[in-house]
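Indexing begins at 1, ligand by ligand and atom by atom, following the structure's order. Keep in mind the model is a prediction, meaning the values are calculated, not measured.
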Amino acid sequence: MPDTQDYNQHNTIQTVPLALGDRSYDILVGTGLLDIVGEYITPLLKQPRVFIVTEKRVFEHQGNRLKAALESANIDAEWFTLEAGEATKSFEQYQSLACNLLEAGIERSDTILAFGGGVIGDLAGFAASSLLRGINFIQIPTTLLAQVDSSVGGKTGINTPFGKNLIGAFYQPKRVIIDTTTLNTLPLRELQAGYAEVVKYGLIDDPAFFTWLEENYGAVMSEQQDHNTRELRIEAITHCCRAKARIVAADEREKGQRALLNLGHTFGHALEAECGYDGTILHGEAVAIGMIQALETSMRLGTASTKNRDRVVKHFKKIGMKTSASEINRPLDAEALLQHMFKDKKVEAGKIGFILGDIGSATMQYGVDLDIIRSVLHDSIHAPR
Ligand code: NAD
Ligand code: GLY
């Protein structure tokens, strides 16, 4: 791996502003930012110390870089290193983290650093929103999914036995610092899962971005990063952050267009719930299958073309991503999946809200014929692998 200086001399650093009045903040995207993170966080600190929430796997792969950077910037750090995995986004872990932060003497003028993927960002953000009625926090996302989606926009929360993310708060970070070199240690399966959220931005309202991804996905996903592929990865992640920043600035509380970011999620959350959040299926994998199921539904409703459905399936397959429920290693039942969808946050007056449409033209639709949904689910469960 080249040293930090090499990264920063030759690679671009992008700044994406997220405009929310006095809660506005910047999202920085570049290579090697983790090694000089003091430069980016010191101006935001009211005292030279941080409370870092992370998890064991992230600490193992990237912890020393953050540790060294904070030491060289003379910033004291208290570390809270949790177990890796979705189960960490729980009531129990929230309670234990909150008590540990209080026991360590965290003050209102302190800052929490969320250092990890979406699990840590959501949990640490929720702790920041609720401790002492609100403590500043900074996101340092380390997965592709977190870099293009979960670290931006202020959705924080934990899971409950009744479903995912049902307890939480909208609480914006003070800055998001994205070092794309942290992805160098991310397992391929996690990179593929995060890629689903990248494609999502093309499918919602940006067909040109989907075409760009068809041409440049190899560089974005490449495990061997040279100067050119690093630049293309920065470009893709920055593009996603700009899209998300635009949507969040227009609709922070999800009264309208922000709901489109849930493309594939109604179908995907049902798969995750049915599999019990045990790692059988990752969030991004469920979203990828869910986006194909949404396209299939749209096709059967006459609002998407077969050609475009096939285009997206082909693109996912090239990357090695799952495209149908039959690829999940578990027997599934269409009716059980449909029942999970009735617990979705978008259900209104007993009707499920589906995000549907063709490549680049997603809209929210209520009152979709549930027999069409049943048949799409059935066919996905029984699709040839
Ligand atoms: P994650 O945080 O569990 O990380 C995935 C895996 O990668 C874990 O095993 C982790 O240990 C490992 N990992 C993380 N960074 C690494 C690195 N640099 N090197 C090696 N291993 C690394 O999962 P995720 O996919 O990042 O996030 C999923 C979560 O995000 C879900 O809980 C989902 O609900 C949530 N989410 C939230 C939002 C939001 O807007 N707040 C949006 C999308 C998803
Ligand atoms: N990930 C969906 C949102 O932030 O709204």
Side-chain angles (χ1 to χ4, degrees), residues 18 34 53-63 65-66 81-90 93 114-126 129 139-159 163-166 168-173 176 178-198 200-201 204 223 240-241 243-266 268-269 272-273 277 279 281-288 345-346 355:
L18 202 164
L34 186 57
V53 181
T54 190
E55 42 101 319
K56 288 180 178 164
R57 225 169 281 150
V58 172
F59 185 80
E60 180 194 328
H61 290 289
Q62 302 289 339
R65 292 177 69 191
L66 180 57
T81 306
L82 313 180
E83 294 297 326
E86 189 69 34
T88 290
K89 255 177 72 175
S90 68
Q93 289 296 321
F115 181 48
V119 164
I120 286 299
D122 283 9
L123 173 68
F126 184 50
S129 77
Q139 290 268 19
I140 307 181
T142 62
T143 63
L144 182 58
L145 181 140
Q147 295 185 351
V148 299
D149 190 0
S150 63
S151 66
V152 174
K155 276 192 185 174
T156 72
I158 54 173
N159 301 328
K164 260 175 85 90
N165 304 328
L166 294 185
F170 287 100
Y171 191 69
Q172 301 295 340
V176 180
I178 298 174
D179 182 341
T180 60
T181 68
T182 58
L183 303 181
N184 294 350
T185 57
L186 193 66
L188 178 62
R189 186 179 170 201
E190 295 291 348
L191 200 62
Q192 290 165 332
Y195 189 78
E197 304 279 13
V198 175
K200 181 180 79 178
Y201 292 101
I204 292 172
E223 286 175 89
C240 297
C241 290
K244 180 132 189 202
R246 176 176 45 77
I247 292 170
V248 172
D251 179 26
E252 183 186 11
R253 298 277 167 147
E254 200 168 305
K255 306 277 185 240
Q257 72 174 117
R258 185 165 182 173
L260 299 182
L261 291 171
N262 289 308
L263 175 66
H265 285 59
T266 307
H269 280 167
E272 283 186 275
Y277 313 111
I281 184 153
L282 303 176
H283 175 71
E285 291 173 330
V287 168
K345 286 198 280 311
K346 294 182 294 304
I355 320 287

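- Taking each of Lys164, Lys56, Gln139 in turn, the one with a heavy atom nearest to atom 33 (C) of ligand 1 proves to be Lys164.
- For the residue pair Thr266/Lys346, the side-chain donor-acceptor check at 3.5 Å is satisfied.
- Between Gly118, Pro187, Gly284, it is Gly118 that holds the heavy atom closest to atom 23 (O) of ligand 1.
- Close contacts between ligand 1 and His283 involve ligand atoms 44 (C) [criterion: under 4.0 Å to a heavy atom].
- For atom 1 (N) of ligand 2, the nearest non-hydrogen atom from the set Leu261, Val287, Asp149 belongs to Asp149.
- Of all atoms in ligand 1, numbered sequentially from 1 with element shown, those under 4.0 Å from a heavy atom of Lys244 are 40 (O).
- Polar contact with ligand 1: present for Arg57 (N/O pair, distance under 3.5 Å).
- Backbone and side-chain nitrogen or oxygen atoms of Asp149 are examined, and none is located within less than 3.5 angstrom of a nitrogen or oxygen of ligand 1.
- To the nearest 0.5 Å, atom OG1 of residue Thr180 and atom CG of residue Leu186 are 12.0 Å apart.
- Every atom of ligand 1 with a heavy atom of Thr182 under 4.0 Å away is listed here by number and element: 17 (C), 18 (N).
- In terms of N/O distances under 3.5 Å, ligand 1 is approached by Glu55.
- Polar contact check, Val119 against ligand 1: a nitrogen or oxygen pair lies under 3.5 Å apart.
- Ligand-side atoms of ligand 1 in range of Thr142: 14 (C), 15 (N), 16 (C), 17 (C), 18 (N), range being under 4.0 angstrom from any heavy atom.
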(Q) Would Arg65 and Gln62 count as a side chain to side chain donor-acceptor pair (under 3.5 Å) here? Give the steps. (A) CA-CA 6 Å; Arg65 292 177 69 191; Gln62 302 289 339; 2.9 Å; yes

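- A side-chain donor-acceptor contact under 3.5 Å links Gln172 and Glu252.
- The proximity of Leu186 to ligand 1, defined as any non-hydrogen pair under 4.0 Å, involves the side chain as well as the backbone.
- Counting only N and O atoms by type, the side chains of Asn165 and Lys89 include a donor and acceptor under 3.5 Å apart.
- For Arg258, a nitrogen or oxygen atom sits less than 3.5 Å from a nitrogen or oxygen atom of ligand 2, counting backbone and side chain alike.
- By the 3.5 Å distance cut-off applied to N or O atoms, Thr143 is counted among the residues near ligand 1.
- What sits closest to atom 4 (O) of ligand 2 on the protein, heavy atoms only, is Lys244 NZ, 2.5 Å.
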